[in-house]
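Reviewing the structure listed below.
For clarity, every value in this text was computed on a predicted model and none was experimentally measured. Basis for what follows: all heavy atoms, side chains included, without hydrogens, waters or symmetry-related copies. Lettering of chains follows the sequences in order, A, B, ..., and the numbering in each one begins at 1.
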Amino acid sequence: MVTDCKLIPSPEDPVCSFKAKTGPVTLKVDGTIGSVMIIKAEYDGKAIPNLPSSQIQFTVVAGRKNLDVVYVFSDPENGAGVLSEVCTPGGPLASVTADNPMVRYIICA
Amino acid sequence: MKHSFKFFALLFCLYGASSFVQAQRQPAIGEDISQCKSRFEAVYTSPSGSSARLVAVNSLLKFNEYPACLARLIIKSQPMERAAFADFVKFLEAHRMDKQEGATTGSGGSTNLVSKGIAAQILSLAAEYGALTESVNNQVVTVQGSLDGIPMALLRQDLLQYCPKGNPTVEEICVHRTLVNWLRRISYGVSFDISRNSQSVAGTPTGTQQGNTQQVTFTPDQHQVSSVVGRLVLWSTRDATSDSFQKQWRSALIANGAGANTSSPSPAFIDSAAGNLLKAGKALLDDVGTTFTESQSLHDALNAAPDQISVDTLVGNAISDQLKSDAKLVQNAGSFLQSLDKFVAEEDAFVTALAEKPVLTLEYNNNRPVGQSPVSTFRLIFDKGFTKEWSLTANGAVAMNDENPPATVPGASRLRDAQFGFQLQHNFSSFIFSSPAALSGSYYFQYQNSPAILNVTPGTPLPGITITGLSPNATQIFSQKGNLHIGQIKLMLGVGQSTMRIPLAVSYSNRTELINKPLWRGQIGITYDFDSFLGGK
């Protein structure tokens, strides 16, 4: 069942990567150069299970929390991809590149 | 003339001055560090004070979203000490090749499988750090690896840095991706026959017999190393882009050990490196916190910065100020970059293991069978997969006796035999109990140019061979030569999610090297890959 989107990129905010509504969220990563998967992830310090995968699920809680992610690339030199939320209407949240495989997104709900 | 000299001198000085100026220009951060490029360039190219500049500055200061850039900026501000090289020297000293730990074989209560000579020391070190695979086939233990295992093992112990693009950012010993790929082409193996672990001794009378006593000179006859192999991949194919490869990559990563088929690499190292990268990244970003993102003064200054130099200076000063107040920052940045390099190295190794398939390989094998002179075999191996499931291997070889056989053996020569063989293999992603498996059929032909010659010590039997009616003075015996034809069916079973493999085989031959009679044989063995046991730190 595809849900309404909860995460919105916030480029105008100096701290938050995304503004969010609380509740369950599914994120996915798609490779644009080679394949990309999420191999490690933690939300608010808790490990997200069932990895490696191209999708992760977690529940956004109120406050400013960290989503720490390590991506793995089938093209370690030039690999790239796009992180997006599985929702309607959807849309890209952030780009990912092989030279920067570890990322911390600050989610503000 | 004097004026011409002054003119040229002035021109020279102007040229020198411009060169000096060019030499002194520091590259922009965006040019110098690739991980920083896009965000810095967005600030450089947006007009100061504009809304585009505001967004670009917000993005620039969110170093949590691109910590690789932040770590390199920190290290660039304060280079790390050459701790890695010092640690490397200590590592070598601690593992000097003339040392032996534990009891030697043959001593009562020894737990060592083989005596620790130099070769075994290197191999055991390599095995300890995951650079080798070990297999046990019947009573032969084989350890093998490729030369890239050595830099990879040192990398995993933080003794080397990996620089995929050949540009180390810190002053450390660095291994390049291309070098690792070349070293991967060279592999080696040593086989130990553990059924021969007791040293046999032969005695030869020397001197004059005195009454009932006789002086004897003892000579050892130890052949624990049954063969040594070296291989060089002459030609390999690489597919790291096709849809088929992408699918195989995803399957191998998720399968956590068994992979889609018996030849998939284990993701244990890459998984461990990812865990370490996450840990190091969190430590760095927790340390930095919101220092940059919540600094209104820094935001304001960057929003108003008129040019690239001003932007770089503001960022550089902000990092320097942070370094002055936080002693751990350099260490955290260094640890993060080390973890990052190791992770990229494991990504590369994982991809190469899947993507590169040797097609033509040259192999040298020095075989040291019991009771026979060593034989050197030069083999050319062709190996090609035609679909995901089917592959064909063919090889031709020439075997040479290392020593000239005695002239008394009729038909004997240095050229021992010529061989040809081929194998057709089918891979199953799921077989019994859902484990991967492979079924293969092989044919082997050997043209014996020289008969098999056995060295016999009078009074000392050869292991596994009983000879009756032999003259007590005989020191060499030889068999009747003939051509060998051998057919084999082999099933290689995977075991659950582990990297253990069990080969089961049945073979039929018209004769062996010694016995001129048809023979049925069964073989069973176990192979396991240390990679899955030694999943990094």
Looking at B/Asn64, B/Ile270, B/Thr290, which one has more heavy-atom pairs under 4.5 Å with chain A than the rest?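 Of B/Asn64, B/Ile270, B/Thr290, B/Asn64 has the most heavy-atom pairs under 4.5 Å with chain A.
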Does some side-chain heavy atom of [Y] sit less than 4.5 Å from a side-chain heavy atom of [X]?
X	Y	answer
B/Leu54	A/Glu12	no
B/Phe336	A/Met102	yes
B/Val344	A/Glu77	no

Please report the shortest heavy-atom distance between B/Ile254 and A/Pro52, naming the atom on each side.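 In terms of heavy atoms, the two residues are closest at CG1-O, 3.8 Å.
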Grab the two heavy atoms, one from B/Ala274 and one from A/Val70, that are nearest each other, plus how far apart they are.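 Scanning both residues completely, I find the closest heavy atoms to be O-CG2, 3.9 Å.
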Kindly compute the distance separating [atom1] ([X]) from [atom2] ([Y]), expressed to the nearest 0.5 Å.
X	Y	atom1	atom2	answer
B/Leu285	A/Asn66	CG	CG	8.0 Å
A/Phe73	B/Trp249	CZ	CH2	8.5 Å
B/Glu65	A/Asn100	CD	CG	9.5 Å

Would you find a donor on one side and an acceptor on the other, under 3.5 Å apart, between the side chain of A/Asp13 and the backbone of B/Asn58?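 The answer is no, because no donor-acceptor pair under 3.5 Å joins these two groups.
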B/Arg250: which of A/Ser74, A/Ser54, A/Ser35 passes side chain to side chain donor-acceptor pair (under 3.5 Å):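 That would be A/Ser35.
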For [X], is it the side chain, the backbone, both or neither that has a heavy atom under 4.5 Å from a heavy atom of chain A?
X	value
B/Leu340	side chain
B/Phe350	neither
B/Leu278	both
B/Leu277	both
B/Lys62	side chain
B/Thr241	neither
B/Val351	side chain
B/Asp341	neither
B/Phe245	side chain

For each of A/Ile33, A/Val103, A/Val69, tally heavy-atom pairs with chain B at distances under 4.5 Å, and name the one with the top tally.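 The answer is A/Val103.
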Heavy-atom pair count under 4.5 Å with chain B, highest-scoring of A/Val72, A/Asp68, A/Thr97: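 Counting heavy-atom pairs under 4.5 Å, the top option is A/Val72.
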Other residues, nucleotides, ligands: >12 heavy atoms within 6.0 Å of B/Glu356 CD: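 For B/Glu356, atom CD is crowded (more than 12 foreign heavy atoms under 6.0 Å).
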Mind running side chain to side chain contact (heavy atoms under 4.5 Å, CB included) on B/Asp286 and A/Arg104 for me, showing each step along the way? CA-CA 10 Å; B/Asp286 287 346; A/Arg104 167 172 286 179; 2.9 Å; yes
